[in-house]
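Take a look at the structure below.
We count ligands from 1, going down the list as the structure has it; atoms in each ligand are counted the same way.
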Amino acid sequence: MTAAVTYEPIKTCKQSGARLGRVHTPHGVIETPAFMPVGTQATVKTMSPEELKTMDAQIILSNTYHLFIRPGHDIVKQAGGLHKFMNWDRPILTDSGGFQVFSLSNMRKITEEGVTFKSHLNGDKLFISPEVAMEIQNALGSDIMMAFDECPPYPADYEYVKKSLERTTRWAERCLQSHSRPQDQALFAIIQGGMYADLRKLSAEQLTSMDFPGYAIGGLSVGEPKHMMYEMLEQTTPLMPANKPRYLMGVGSPDALIEGSIRGIDMFDCVLPTRIARNGTCMTSEGRLVIRNAKYMTDFGPLDPKCSCYTCQNYSRAYIRHLIKADETFGIRLTTVHNLHFLLQLMRDVREAIMEDRLLDFRDSFFASYGLNDN
Ligand SMILES: CNc1nc2cc3c(=O)[nH]c(N)nc3c(CCc3ccccc3)c2[nH]1
């Protein structure tokens, strides 16, 4: 049976553990390491598919939880699936909903069967299980589906994390059992284990013994210190198959994308670029810029002098500050274009640095100008 998704290794950076690769999917190829913009409610907020293609977004993410509660996965299915519904013909990855239930709905109860919770929209009592998560993602028609898992809170004690990862493994097994179209949709498992190296090893061993087409590292970017996240990566990526994609969920900031690539991660997602754009915060090569600041009132230069994006080529800081202060939607579109372009360009630079065996040098020069070496 032909797998829906395959990983093609291209090269390993001689200077770091980073690797160049290609993830082949039914809707196209993803050059990795890659940043994946998040489109939670079937849209990357304020962006059109054409604009996303212009900045060369290779894949976008969406959410089982959000589309389940609104408009309902059956409507998306009737539309012919998520690609048709949102007019996006490149790859789509959907999360399984477990994480969102925990971060969004107030009342929820976990049992072996699944999770009962209240909709954060209207309080309806709802239920998601491995089987339901697979049914929803099947209806959405995403190229990559995530197994239904529990992302333990941080901090969480050893016993809780151990019991949780064991259940996540049993849930992954149930997802495999109820996977109806493996030749069209790839199911990735999610490695848990909290901040405990031995539990990360246990979770990785249990899941890699079940042979999934790709693996994610979950349970991170949940408030832990960055050094702890990097430590868990160093303990976990060596246990993941070298010929399968490695996806670090919920990461991240520019520094984390570089550090994660160095530690062998291929795929990243983060809501930051779109989320901070809405209050006018911009990522630039000199660090974050808060455009509402009065000092930009008569600054007629671009957001970032080194940036080639549509926003930086055509508009000034003064104009964008005016739009954001006036709560004009066009202002949010301009900061979103810039922030997404910034991270997508950063990953192009990372891939080039890996090709030329100089990713550690790239990291040092990036941190120097990004001002990260001050904290
Ligand atoms: C911000 N930090 C963050 N840590 C995460 C951990 C997990 C985790 O352990 N399990 C699952 N299933 N998802 C996680 C997510 C959500 C990632 C996402 C968002 C939107 C669309 C598609 C995917 C996380 N996000």
Side-chain angles (χ1 to χ4, degrees), residues 30 34-45 57 59-69 82 86 88 91-105 108 110 114-115 117 128-130 132-134 136-137 140 142-154 156 160-161 164-165 167-169 171-172 175 186-196 199-200 203-204 207 212 214-226 228-229 232-233 236 245-253 256-257 260 265 267-276 343:
I30 305 149
F35 164 71
M36 308 184 285
V38 177
T40 297
Q41 302 188 107
T43 165
V44 177
K45 288 182 171 47
I59 174 173
I60 60 164
L61 273 50
S62 197
N63 248 305
T64 291
Y65 170 82
H66 292 80
L67 296 172
F68 173 50
I69 59 174
L82 197 48
M86 66 184 291
W88 175 258
I92 297 177
L93 180 153
T94 46
D95 198 6
S96 46
F99 180 82
Q100 289 76 25
V101 167
F102 280 85
S103 48
L104 283 172
S105 77
R108 74 251 164 179
I110 300 189
V115 183
F117 62 97
I128 297 190
S129 65
V132 169
M134 292 300 285
I136 296 169
Q137 294 181 90
L140 300 177
S142 42
D143 301 281
I144 300 174
M145 309 155 92
M146 302 312 292
F148 189 67
D149 65 327
E150 183 196 356
C151 173
Y154 172 77
Y160 182 87
V161 171
S164 171
L165 82 84
R167 179 168 50 208
T168 286
T169 297
W171 282 357
C175 286
L187 174 64
F188 281 18
I190 304 175
I191 295 167
Q192 294 293 350
M195 308 305 154
Y196 304 101
L199 295 184
R200 286 281 166 185
S203 178
L207 293 171
F212 287 86
Y215 291 88
I217 298 177
L220 294 176
S221 189
V222 286
E224 77 281 6
K226 275 197 175 151
M228 211 177 266
M229 174 168 78
M232 286 304 106
L233 292 188
T236 309
R246 300 174 182 148
Y247 164 23
L248 175 55
M249 304 189 88
V251 174
S253 54
L257 291 177
I265 297 296
M267 299 159 76
F268 302 87
D269 83 80
C270 173
V271 294
L272 263 185
T274 40
R275 180 170 296 170
I276 63 173
L343 286 190

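Partners of Trp88 according to the ring pair (Phe, Tyr, Trp, His ring centres under 6.0 Å) rule, which considers only residues two or more places apart in sequence or in another chain, do not exist here. Legend: residues meeting salt bridge (Lys or Arg N to Asp or Glu O under 4.0 Å) with Arg167, ordered by chain and number and at least two apart, are Glu150.
Without hydrogens or angle criteria, Ser203 side chain to Arg200 main chain gives no donor-acceptor distance under 3.5 Å. Of the possible polar contacts, none joining the Thr94 side chain to the Met145 backbone as a donor-acceptor pair under 3.5 Å is found.
Within 4.0 Å of ligand 1, the residues that place a heavy atom are Val38, Leu61, Ser62, Asn63, Asp95, Ser96, Phe99, Gln100, Asp149, Cys151, Ile190, Gln192, Gly218, Gly219, Leu220, Ser221, Tyr247, Met249, Gly250, Asp269, listed by chain and number.
The shortest distance between side-chain heavy atoms of Val222 and Phe99 falls below 4.5 Å.
Listed by first and then second residue, the salt bridge (charged side-chain N to carboxylate O under 4.0 Å, His left out) pairs that reach into residues 92-101 come to none, sequence neighbours excluded.
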